[in-house]
Each structure stands twice: as structure tokens, then as C-alpha cells.
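Computed from a predicted model, the values in this text were never measured in an experiment.
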Amino acid sequence: MAVSRQLLFRLTKKDFRVEHIRGSGPGGQHRNKSHTGVRITHPASGAVGQATDSKSQKTNRRNAFVRLTESGIFKTWHRIECARRMMDSDDIEKKVEQMMQLDNLLIEYGARKEVHE
């Protein structure tokens, strides 16, 4: 039995801010002059991934993106965003109406509790 999949949303380069930075650590003058380090920020979630491990900017970009997507902040944002997009407003309105019915409420008056059944 095949499970159908539906694309909820897509993230593109426009959704991220990429900065090229200087690497740190040993490497001498060349390391201090070249901007091979990469910092990627996802403004919507506030998640940041950074890599200065390699001499290759391409490798650092890949590593920074992986670090960003594996961060707890980004995973939490992604989970919330998926849930928000999976529920349309009609479903939310129906659930709110159902939960607000007297059968689901516990009303307290001072020391006396009244439960509707």
C-alpha cells in the first residue's frame, strides 16, 4: 500500500541569509585573507549554521546548511510550520467549537465545582 505524499511548503535560497566569513585557526596569511568560512541564517526560525572547517567554501556551505537543518531551533520551527499548514482554518474552527461545548468545560464557582455531563 503506497502512502501519498503532499508538498506542504518549499524553502529556497531566498529564505536563507548566507554570509562568507574568514576562517579561524592555523593556516597563516592565506587563511586570514580568504573568506572560505560560511554562516547561514534562517531568519524565520532564527537558526544559524556555521562552518570554517574546510579550505573549500563549497564544502563549508554544505556543512553550514547541514548544521542549520539539524539544529533544535530549526527542527522545532519546521514541525510547527508543518502542523500549521496541515490544518486549514475550517478544521481549527470545528475543533474550537467542539472543545467549547458545555460537555467539555469545567466551571468553578469559588469552592463549588460544576461539571456538565
| said: Within the 4.5 Å heavy-atom criterion, are K55 and T36 side-chain neighbours or not? | reply: no
| task | Decide yes or no on side chain to side chain contact (heavy atoms under 4.5 Å, CB included) for Q50 and I21, but give the supporting numbers first. | result | CA-CA 9 Å; Q50 181 172 323; I21 57 177; 3.6 Å; yes
| note | R17 meets the side-chain hydrogen bond (donor to acceptor under 3.5 Å, both in side chains) criterion, sequence neighbours left out, with none
| message | Do V18 and L11 land in one hydrophobic cluster if side-chain heavy atoms of ILVMFWY residues count as linked below 4.5 Å? | response | yes
| Has the side chain of N63 got a donor or acceptor atom that lies under 3.5 Å from a matching backbone atom of A51? | no
| field | F65 side chain reached by T69 side chain, heavy atoms, under 4.5 Å | value | yes
| said: Looking at every heavy atom in both N60 and T52, which two are closest together, and how far apart are they? | reply: OD1-C, 3.8 Å
| field | Closest approach of V38 to R61 (non-hydrogen atoms, all atoms of both residues) | value | CG2-N, 3.8 Å
| field | Distance (rounded to the nearest 0.5 Å) between T41 OG1 and L68 CG | value | 7.5 Å
| said: Pair H35, Q57 - check side chain to side chain donor-acceptor pair (under 3.5 Å), show working. | reply: CA-CA 8 Å; H35 289 73; Q57 192 178 76; over 6 Å; no
| task | Assign the ring pair F74 / W77 to parallel, tilted or perpendicular, where the plane angle (0 to 90°) is split at 30° and 60°. | result | tilted
| Between T12 and R10, is any pair of side-chain heavy atoms under 4.5 Å apart? | yes
| message | Ignoring hydrogens, what is the shortest heavy-atom contact between D15 and P43? Give both atom names and the distance. | response | O-CD, 3.4 Å
| field | Plane angle bin for F16 and H42 - parallel if under 30°, tilted between 30 and 60°, otherwise perpendicular | value | tilted
| query | Could you state the interatomic distance from CZ (R85) to CD1 (I80), rounded to the nearest 0.5 Å? | reply | 13.0 Å
